[in-house]
2 protein chains.
Amino acid sequence: MSAVALELPRRERNKQEKRAALLAAARSLFARKGFAATTTAEIAARAGVGAGTLFLYFASKDDLLVAIFRADMDAVVARAFATLPKRASLLTELLHVYGAMIAFHERDPELARAFVKEMLFVSPANLASVFEFIDGVGARIAARIALRQARGELDPAVSAERVADNCFALYIARLQKWLGLGERLASEELLARLRESFELQLRVLEPAEARATKRARPRTRRA
Amino acid sequence: MSAVALELPRRERNKQEKRAALLAAARSLFARKGFAATTTAEIAARAGVGAGTLFLYFASKDDLLVAIFRADMDAVVARAFATLPKRASLLTELLHVYGAMIAFHERDPELARAFVKEMLFVSPANLASVFEFIDGVGARIAARIALRQARGELDPAVSAERVADNCFALYIARLQKWLGLGERLASEELLARLRESFELQLRVLEPAEARATKRARPRTRRA
DNA sequence: GGCAGAAACTGACTGCGCTCAGTTTTGTGA
DNA sequence: TCACAAAACTGAGCGCAGTCAGTTTCTGCC
């Protein structure tokens, strides 16, 4: 009958603790031994539960991975938006945010590969959480675009949401290709490719006058 | 010492035949029972080889699937380009081609899901073949763009290859999201989303003058 | 033809993700 | 306090993808 007991029903508390224990166990084992080399039985044992219990909390081993990654990505993105460079171009801001995500993926390519592969093919609950994340990033990018549109720096006739959405799609596609390639390429390569893709997409936001001017010098190469 | 024997060394011939038999067996079993419900042992048995032999020809069950799909997609794309509508806009042409691919995926969503998920995470040989396909589509789309640039219909200062590349990335990302969603949505939905994405990307190709004109009426809604 | 070495093939076996029939724990109402 | 239902948990067991030590088939050479 302590004060603590009032906060939550005992059952619910236990469940949350077990879920957290499983996530923690999985996180540490994945980091130490890698995703493929870690068995679900090990994770369950380390979390102090039976082998079958893991699957009451996560639909599959992949599901568990996505849950972990999803949580980490939130922190990465929050930090990236909090440290946006001042007075930078939209392109720079985009690369700052997506660059942070890429850097995170680069820390453990094996996990990243598995995550990116499974991301969209998990249990409904997890899938909803992934979409929430994607939409969250999209909305924040859209806000950065809208800001500039309001200032008259970018064409306000173009839908900020749709441009943001396209950019995320471009990011995902490039990231997958990069991770699929047995990551022989440096992340700088990926960032360079992404910059090109974004540049091409963002050009649609340039006010018509600016664009007409640009046309005079057909190609802008060498920085 | 017959004439036939001269064509290829016996061994090589046998290998090709076994590979073909495995592909045919897998194709028919996947179609009848579904991908998940078909075991590699069944496929091997139907092809008349031992269970282990399958893995001398394909690195994994997924690899086998990708090999099958890849071959079919070639035919689908070839057909799509051969039946391009006359005097249509670039956007219409793009939707014709990608629409054909989507229609193909819609025929067997379970297989399509597995394919799209594994596509970039297969054995090196298969991966190369997948990239060949992607590049092939990209090049053909780029050619359609270049044609219009040469005619003066589109801005020649924009790289046709890069626009085509971005379009493929947009396609892949949208397709994955659609297939991941337990395909409750009709393919028309996907096509509509894709049209929006392409529209936004292709706008970069509009000659500057045309674009300045368009700006007069800020939004083009209702068809 | 016959032999040696290589290449191709085989299927019993392994390890692991996931299931499910049975057991324990928790919450509730008398 | 006890009975009893429901929820949570368990781990032995199952099915299957993928492996590998041993076997067969092929090829080039004398």
Side-chain angles (χ1 to χ4, degrees), chain A residues 1-2 4-22 25-26 29-30 33-68 110 114 117-118 121-123 126, chain B residues 1-2 4-22 25-26 29-30 33-68 110 114 117-118 121-126:
Chain A
M1 312 298 174
S2 72
V4 181
L6 292 172
E7 293 175 22
L8 266 182
R10 170 108 132 281
R11 257 203 189 153
E12 200 53 33
R13 255 185 77 98
N14 273 346
K15 277 178 69 171
Q16 303 249 334
E17 276 164 15
K18 279 202 175 129
R19 204 186 124 89
L22 282 164
L29 284 168
F30 288 164
K33 318 180 40 176
F35 179 69
T38 302
T39 69
T40 56
E42 280 177 293
I43 298 169
R46 187 166 228 268
V49 302
T53 305
L54 189 153
F55 296 96
L56 295 174
Y57 290 85
F58 303 95
S60 69
K61 192 185 171 186
D62 297 318
D63 220 59
L64 177 53
L65 174 67
V66 172
I68 290 176
E110 194 214 352
K117 193 174 147 192
E118 301 297 335
F121 301 92
V122 286
S123 65
N126 239 331
Chain B
M1 310 299 177
S2 74
V4 181
L6 293 173
E7 293 174 22
L8 265 183
R10 170 109 131 281
R11 262 209 184 144
E12 200 53 34
R13 254 185 79 99
N14 274 345
K15 277 178 70 171
Q16 303 248 336
E17 276 164 15
K18 280 203 174 126
R19 204 187 125 89
L22 282 164
L29 284 168
F30 287 164
K33 317 180 41 177
F35 179 70
T38 302
T39 70
T40 55
E42 280 178 292
I43 298 170
R46 187 167 228 269
V49 302
T53 305
L54 190 152
F55 296 96
L56 295 176
Y57 290 85
F58 303 95
S60 69
K61 192 184 172 186
D62 298 318
D63 220 59
L64 177 54
L65 173 66
V66 172
I68 291 176
E110 194 213 354
K117 192 174 147 191
E118 301 296 335
F121 301 91
V122 286
S123 65
N126 239 329

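Naming: A, B, ... by sequence-line order, numbering from 1 per chain.
Where A/Gly50 and B/Ala51 each meet DNA chain D at their nearest nucleotide, the meeting point lying more 5' is that of A/Gly50.
Residues A/Tyr57 and A/Leu64 fail the side-chain proximity criterion, which asks for heavy atoms closer than 4.5 Å. In this structure, B/Phe58 and B/Arg19 have side chains that are in contact, with non-hydrogen atoms separated by less than 4.5 Å.
A cation-pi arrangement, defined by a distance under 6.0 Å to the six-membered ring centre and an angle within 45 degrees of its axis, is present between B/Lys61 and B/Phe35.
With hydrogens and angles disregarded, a donor-acceptor distance shorter than 3.5 Å links the side chain of A/Glu110 to the backbone of A/Ala36. A donor-acceptor contact shorter than 3.5 Å is absent between the side chain of B/Asp63 and the backbone of B/Val122.
Rounding to the nearest 0.5 angstrom, the gap separating the CG atom in A/Leu54 from the CD1 atom in A/Ile43 is 6.0 Å. If you take CG on B/Leu29 and OG1 on B/Thr40, they are separated by 11.0 Å, rounding to the nearest 0.5 Å. Atom CG of B/Leu22 and atom OG1 of B/Thr53 lie 8.0 Å apart (nearest 0.5 Å).
Going from atom CG of B/Leu65 over to atom P of D/dG18 covers 12 Å, rounded to whole Å. As rounded to whole Å, 16 Å separates atom C1' of D/dA7 from atom CD of A/Gln16. Atom CG of A/Asn14 and atom P of D/dA6 are 21 Å apart (whole Å). B/Lys61 has its NZ atom 4 Å from the P atom of D/dA17, to the nearest Å. The distance between atom CG of A/Leu64 and atom P of C/dC18, rounded to the nearest whole Å, is 10 Å. Taking atom CZ of residue B/Arg19 and atom P of nucleotide C/dA7, one finds them 20 Å apart after rounding to whole Å.
Within residues 33-48 of chain A, the residues approached by DNA chain C to less than 4.0 Å at the level of any non-hydrogen atom are A/Thr38, A/Thr39, A/Thr40, in residue-number order. Within residues 52-60 of chain B, the residues that have a heavy atom under 4.0 Å from DNA chain C are, in order of number, B/Gly52, B/Thr53, B/Leu56, B/Tyr57.
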Practice problem: Run the numbers on B/Glu118 and B/Leu65 for side-chain contact (heavy atoms from CB on, under 4.5 Å), then give the verdict. | Solution: CA-CA 9 Å; B/Glu118 301 296 335; B/Leu65 173 66; 5.6 Å; no
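For A/Lys18 and D/dC9, the shortest distance from a side-chain N or O to OP1 or OP2 is below 4.0 Å.
Candidate nucleotides D/dA8, C/dA8, D/dT10 were compared by shortest atom distance to the side chain of A/Lys15, and D/dA8 ranks first.
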